[in-house]
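Below, read A as the first sequence line, B as the second, and so on, with proteins coming before strands; counting in each chain starts at 1. The structure displayed is predicted, hence computed values, not measured ones. Computed over heavy atoms, backbone and side chain alike; hydrogens, waters and symmetry mates excluded.
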Amino acid sequence: MRDLTARLRDIVRREGGAPAPAAGATAPVRELTYVPDVAAIGDEGSVAERMGGTPVDAAGACVCLDRRYDADRSHGRVRVERCRPDATHPIDLFDARVRRADDWERRVVFFDIETTGLSGGAGTLAFLVGCGWFDDDGAFLVRQFFLAGPAGEQPMLEALARVFDEASLLVTFNGRTFDVPFMETRWAFHRSSAPTDDLPHFDMLPPARRLWGQRDLARPDSEGCSLTALERRVLGFHRHDDVPGFEIPARYFQFLRTGETRLIDGILEHNRHDLLSLAAVMSHALWLAREGPAACREPAEQLALGQIYERASRLDEAAGAYETAIAMGDADIKRPALARLARLHRRAGRYDEAARAWQAILDLAPRSRRTLTPFERQAAEALAIHHEHRARDLERARGYAEALGAATMGRARVETERRLQRLARKLKTGGAQTGRLTLEDE
DNA sequence: CCAATGCCTATGCCTTTCAC
DNA sequence: GTGAAAGGCATAGGCATTGG
């Protein structure tokens with residue numbers, strides 16, 4: 001793949017009028033027969049005609065393709081019209097930078113590029129950029145700009161800037177790291193200012209990781225958080241004959257050699273599916289955040305939702321989500337949900353409720369097991385503190401501290417030892433009498 | 001393959017709250 | 001009044017993961 005990128009670098013150089021560099025000892029460029037007169041590539045008609053698009057520039061080096069997905073069409077389990085984000089969606093829960101007052105929903109533009117490689121150097125270019133947005137009827141419109149040759153980049157960048165100028169919010173998947181910086185270097189390369197500079201940008205990857213990214217300990221085969229994985233898990237959408245990402249650069253280089261537009265069809269479809277799924281995944285995430293834990297299909301989502309509310313300081317909603325997760329989930333969900341619920345209770349001064357949640361974590365463990373998992377260690381430590389300092393039941397406090405001491409190492413071990421010594425001292429001097437008014441009367 | 005983002009964990013600091 | 005504990009908060013470094 002690396003030498004393909006090197007070849008493309010040669011194309012760009014020749015395009016600029018400079019002679020091709022002498023073929024080095026390694027990769028000769030002779031087999032690359034790119035024809036600058038892009039409109040004449042292939043045997044019948046222009047690239048734009050054969051792709052069913054329209055030329056953006058006079059030479060047809062950039063091709064524009066429009067596609068409409070009707071509102072009542074289905075994408076996996078969801079209908080297209082349901083994928084439109086609107087002002088009722090609490091987008092600030094996922095990204096506080098997108099303020100709700102900013103009428104961000106006016107024109108949300110979904111954005112995804114296909115490039116000749118991941119490395120993003122000067123020899124790599126985005127040969128396909130796809131934009132999608134909703135019209136007033138709830139249909140999803142996709143506009144793609146395709147480079148029939150590198151000479152089309154300038155007109156592509158101008159046309160793309162016109163789309164972005166209309167946008168109120170840009171939405172991408174991993175675009176904060178990849179797509180947007182990539183395009184910004186291209187605009188810089190052509191000495192124009194980037195239209196993304198003052199455009200609010202929402203990257204769906206971090207929110208998706210928060211909602212669906214927790215590695216599922218119960219299922220080692222769980223799929224990760226790529227857009228195609230989310231598509232299957234969240235939308236129930238399965239692609240047929242998809243072009244895998246790693247194959248995309250090679251296909252484009254082959255197109256440049258042969259002018260065969262059929263090689264590109266699968267990439268166009270891949271890009272459109274990415275945009276549609278991005279819209280669907282985003283609006284589903286927003287919908288879940290708005291509707292709350294009762295709308296979740298999986299307890300893991302309820303747990304994640306709790307963390308999302310907690311980050312946004314919506315602590316009551318967070319507690320509600322954790323309680324739902326505890327009620328619906330298996331032990332692997334219950335444990336973290338109980339721990340987080342316990343911390344919320346403790347922070348709010350509801351110490352008895354916190355203690356009950358910590359105790360519930362310990363009750364999930366089989367009696368036979370001596371070793372403590374991290375959650376159980378956390379619970380035992382919190383209960384030792386609770387019973388020593390709040391409930392004043394020194395005997396019980398010592399019980400938890402002892403269980404903790406057997407299961408800790410290093411630094412935590414030292415603290416536990418100190419706790420045990422303090423408890424022993426207090427018990428000897430008769431501080432135990434005060435330990436009557438505790439949890440026992442519940 | 002590469003860069004970069006953001007989560008998790010450990011660690012130290014600071015303030016508050018008690019017990020003596 | 002003094003000292004110890006607890007717990008919130010900030011920071012830093014490690015780790016995994018995503019894009020074509």
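Considering only residues two or more places apart in sequence or on other chains, A:Ala357 meets the side chain to side chain contact (heavy atoms under 4.5 Å, CB included) condition with A:Leu338, A:Ala342.
The side-chain tip of A:Arg314 does not point at the ring of A:Tyr309 from less than 6.0 angstrom away and within 45° of straight on.
In terms of modelled atom types and a separation under 3.5 Å, the side chain of A:Asn174 and the main chain of A:Phe178 share no donor-acceptor contact.
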Check the interface with nucleotides 5-7 of chain B: list each N/O to N/O pair with the protein under 3.5 Å, or write none.
unit_1: B:dC7; atom_1: OP1; unit_2: A:Arg210; atom_2: NE; d: 3.0
unit_1: B:dC7; atom_1: OP1; unit_2: A:Arg210; atom_2: NH2; d: 3.4
unit_1: B:dC7; atom_1: OP1; unit_2: A:Arg311; atom_2: NH1; d: 3.3

Are any protein N/O atoms closer than 3.5 Å to N/O atoms in nucleotides 6-8 of chain C? If there are, list each pair with its distance.
unit_1: C:dA6; atom_1: OP1; unit_2: A:His389; atom_2: NE2; d: 3.2
unit_1: C:dA6; atom_1: OP1; unit_2: A:Arg419; atom_2: NH1; d: 2.9

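In terms of heavy atoms, A:Asp179 sits closest to A:Phe173 at OD1-O, 4.0 Å.
The distance between atom CG of A:Asn174 and atom P of B:dC2, rounded to the nearest whole Å, is 17 Å. Rounded to a whole Å, the CZ atom of A:Arg425 is 13 Å from the C1' atom of C:dA5. Taking atom CG of residue A:Leu227 and atom C1' of nucleotide C:dT17, one finds them 14 Å apart after rounding to whole Å. Rounded to a whole Å, the CZ atom of A:Phe111 is 11 Å from the P atom of C:dG20. Between the CG atom of A:Asp274 and the P atom of C:dG19 there is a distance of 8 Å, rounded to whole Å. Regarding A:Glu114, its CD atom lies at a distance of 5 Å from the P atom of C:dG20, rounded to whole Å. Distance CG (A:Leu125) to C1' (C:dG19): 16 Å, rounded to an integer number of Å.
Partner A:Ser277 forms a side-chain hydrogen bond (donor to acceptor under 3.5 Å, both in side chains) with one of A:Arg272, A:Arg232, A:His75 and no other, that one being A:His75.
The number of heavy atoms from other shown groups lying within 6.0 Å of CG (A:Asp197) is above 12.
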